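Before any comments, here is the structure.
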Amino acid sequence: MAKKACTKHVFITGGVVSSLGKGLTSASIALLLKRRGYRVRLQKLDPYLNVDPGTMSPFQHGEVYVTEDGAETDLDLGHYERIAGVTCNRNSNYTTGRIYSAVIAREREGGYLGKTVQVIPHITDEIQAAIRSLDGDDVDIVITEIGGTAGDIESLPYLEAIRQYRQGIGRQNGLFIHLTLVPYIKAAGEIKTKPSQQSVGILRTIGIIPDILICRSEKHMAREHKEKLALFCNVEKELVIEEVDVAHSIYEVPLDLARQDVDIYILEMLNLHVNALELDDWKRMVGTAISPKAGEVDIAVVGKYISLRDAYKSIYEALHHGAIASDVKLNIRMVEAGDIEEKGGQLLEGVQGILIPGGFGERGIAGKLEAVRFAREKRIPFFGICLGMQCAVIEFARNVCGLDGANSTEFDSGTAAPVIDLMEEQKTVTQKGGTMRLGSYTCLLKPDTRAAASYGALKVNERHRHRFEFNNRYRDALTGKGLVLAGECEGKPLVEIVELKDHPWFVGCQFHPEFQSTPLKAHPLFRDFVKAAVKQRADGA
Ligand code: GLN
């Protein structure tokens with residue numbers, strides 16, 4: 001029987017500084033390889049000690065991205081799913097904490113048979129097993145992104161592991177890409193290659209010579225810069241690729257890399273046939289994102305991590321997808337919930353849509369409730385997601401149903417009207433990480449609702465990350481005053497979607513639709529929320 005060719009591996013490391021967009025670059029390369037006919041998977045290895053990012057504050061880490069199978073993961077997985085269209089799972093993200101937990105658990109079970117357990121080989125072997133976990137008959141190329149920067153102490157075991165891995169599979173089956181910064185020094189008017197030379201030097205000391213250098217830069221590099229980097233970093237001249245800051249949209253990055261044939265070089269080095277590249281739909285989408293034809297729209301996002309763009313990454317992306325679908329320019333007004341508490345709803349004047357994203361804890365709740373009231377009373381399209389839906393229910397209970405002090409028991413455990421309450425199965429949970437209601441569940445939609453019209457289906461799957469839920473004891477009180485329960489979990493009486501009928505567009509959902517939105521196919525709820533906002537503007541409301 002013919003043996004299936006070995007899965008090919010691409011390892012992406014980062015140099016000089018963090019935040020160069022390694023996730024975006026990895027996802028863009030994956031898209032190109034997919035569009036050349038290959039089956040690609042992506043993975044992120046994070047060198048920190050938390051077992052997963054689920055317990056970290058968004059201020060530390062940005063958004064926690066949730067996979068279909070319920071893993072709480074790094075936000076780069078959002079790029080993988082949105083841009084490359086690759087479905088991720090819990091093997092798509094490992095952290096040092098997870099690797100060590102597995103090794104220590106095995107040691108306690110006597111799994112190392114009397115040996116001294118060490119970083120090398122036991123931790124590096126465990127990292128290699130994590131990489132191998134994505135191999136399979138249904139995949140051609142695995143792209144593994146190493147978090148952090150070459151030179152970080154905590155990255156060392158990862159670099160050693162990928163060095164060994166490539167040694168094991170051979171050059172024709174694995175390659176190294178180093179994403180590095182080539183800064184432009186304004187005062188000197190010069191581009192500098194030295195930091196990248198040093199970063200590659202660090203990789204070389206542990207035995208990795210990058211095959212491809214991708215240089216993040218503000219300005220285009222001259223030929224001499226590329227030649228210098230090629231010479232001192234031991235890389236072929238044509239494999240010094242530049243990734244200059246894109247002018248308008250991050251979705252330009254794959255096109256920029258394709259122009260420089262990165263995907264062709266990768267396939268040639270991996271001994272894979274270079275099939276034709278099909279990117280017409282992507283190009284059209286980028287064209288719309290860059291120069292929309294149908295005007296603009298202003299949407300407020302009311303949250304408590306507003307100063308940090310990464311905290312609501314998927315939400316902002318999904319709103320942009322909605323704007324692409326409506327062919328409009330999107331202006332996002334980021335409003336700090338605490339500021340609404342101080343200055344009132346005037347901070348929301350002039351927007352055509354208000355979105356409240358997910359969140360935890362009491363801080364900012366009063367401002368969010370005020371934002372819901374503003375949207376409901378002034379008939380501005382409203383979209384509440386997870387905590388945003390819970391706020392919509394609380395506001396409705398207080399101000400429409402007259403349930404004074406209605407609240408979630410997350411914020412007031414002794415409230416007289418707990419319209420949002422801890423889920424039954426959460427009551428015995430004491431551990432924090434990975435213990436919420438997580439991942440994809442089936443939701444059944446009621447016909448003749450906004451949600452059903454948006455989805456064009458009565459059965460959908462959506463991802464969750466929460467502990468609290470709509471309290472069914474208040475079903476009659478709230479629906480009696482006009483709250484529509486538009487979606488419920490299949491097989492369990494959990495309310496998943498609420499709506500208002502007598503309003504231009506008012507929807508709250510307990511799940512996170514933003515995780516399933518892509519630039520080529522906006523999530524139906526985001527698409528229709530933005531559409532409602534565009535109509536609002538056209539109507540001059
Ligand atoms: N804090 C709320 C809960 O746990 C909402 C969670 C969220 O918005 N992701 O139910």
Side-chain angles (χ1 to χ4, degrees), residues 52-59 61-68 70-73 75 78 301-306 308 310-316 318 337 354-369 371-372 382-395 397 406-413 415 418-441 443 462-472 474 487-489 492-498 507-517 525-526:
D52 60 44
T55 53
M56 277 192 249
S57 151
F59 278 128
H61 189 270
E63 150 189 298
V64 173
Y65 189 79
V66 181
T67 56
E68 226 169 72
E72 297 178 283
T73 70
L75 55 78
V301 174
V302 181
K304 63 175 184 178
Y305 304 108
I306 287 306
L308 191 82
D310 277 355
Y312 301 116
K313 184 92 196 157
S314 296
I315 295 277
Y316 296 148
I354 295 174
L355 184 149
I356 302 184
F360 297 83
E362 209 204 340
R363 184 170 70 80
I365 292 299
K368 290 176 187 177
L369 293 176
V372 179
F382 171 84
F383 196 7
I385 292 177
C386 205
L387 179 69
M389 177 203 105
Q390 298 176 354
C391 286
V393 171
I394 296 168
E395 194 279 333
N407 215 332
S408 163
T409 49
E410 180 178 3
F411 318 127
D412 178 3
S413 53
T415 171
V419 289
I420 303 292
D421 199 7
L422 197 60
M423 276 180 277
E424 203 47 46
E425 65 263 33
Q426 285 288 329
K427 293 193 172 145
T428 49
V429 171
T430 50
Q431 289 266 322
K432 283 283 179 272
T435 56
M436 287 186 240
R437 178 177 182 233
L438 287 166
S440 190
Y441 288 89
C443 173
E462 291 285 0
R463 300 182 202 175
H464 298 70
R465 182 173 185 249
H466 64 117
R467 292 188 201 283
F468 293 80
E469 61 162 327
F470 179 97
N471 187 342
N472 282 317
Y474 290 90
E488 290 190 37
C489 182
K492 245 187 179 182
L494 293 177
V495 172
E496 306 275 35
I497 307 177
V498 301
V507 176
C509 53
Q510 187 57 77
F511 48 78
H512 290 270
E514 68 273 23
F515 295 144
Q516 294 202 81
S517 189
L525 294 178
F526 276 92

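For the single chain, residues carry numbers from 1 onward in sequence order. Each ligand, and each atom within it, is numbered from 1 in the order the structure gives. Source: prediction; values computed, not measured.
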Residue and atom name of the nearest protein heavy atom (relative to atom 7 (C) of ligand 1), distance in Å to one decimal
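Result for atom 7 (C) of ligand 1: Cys386 SG, 2.9 Å.
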Considering non-hydrogen atoms of the protein only, which is the closest contact for atom 2 (C) of ligand 1, and what is the distance?
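Result: Glu410 OE1, 3.3 Å.
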Output yes when the distance from some N or O of ligand 1 to some N or O of Ile385 is under 3.5 Å, and no in every other case.
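N/O-N/O distance below 3.5 Å does not exist for this pair.
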May I ask you to check whether Phe468 has an N/O atom sitting below 3.5 Å from an N/O atom of ligand 1?
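N/O-N/O distance below 3.5 Å exists for this pair.
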Using heavy atoms and a threshold below 4.0 Å, how should the contact between Met436 and ligand 1 be classified: side chain, backbone, both, or neither?
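Under 4.0 Å from ligand 1, Met436 contributes no heavy atoms.
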Just heavy atoms, cut-off under 4.0 Å: does Arg465 contact ligand 1 by side chain, backbone, both, or neither?
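It is the backbone that gets close, since no side chain atom is under 4.0 Å.
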Is a donor on one side and an acceptor on the other found under 3.5 Å between the side chain of Arg465 and the backbone of Gly54?
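The answer is yes, because a donor-acceptor pair under 3.5 Å joins these two groups.
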Kindly say whether Ile420 contributes a backbone atom to a donor-acceptor pair with the side chain of Gln390 at under 3.5 angstrom?
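Absent.
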Pick out which of [options] makes a side chain to side chain contact (heavy atoms under 4.5 Å, CB included) with [X].
X      : options                : value
Tyr65  : Arg463, His512, Glu72  : Arg463
Asn472 : Leu494, Asp421, Val495 : Val495
Ile385 : Ile315, Ile356, Leu525 : Ile315

Would you call the rings of Tyr316 and Tyr312 parallel, tilted or perpendicular, where under 30° means parallel and over 60° means perpendicular?
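Perpendicular: the ring planes of Tyr316 and Tyr312 meet at over 60°.
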Hey, does Glu469 sit under 4.0 Å from ligand 1 if you only count heavy atoms?
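No.
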Considering only heavy atoms of Gly358, which atoms of ligand 1 have at least one such atom less than 4.0 Å away?
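It comes down to these atoms of ligand 1: 8 (O).
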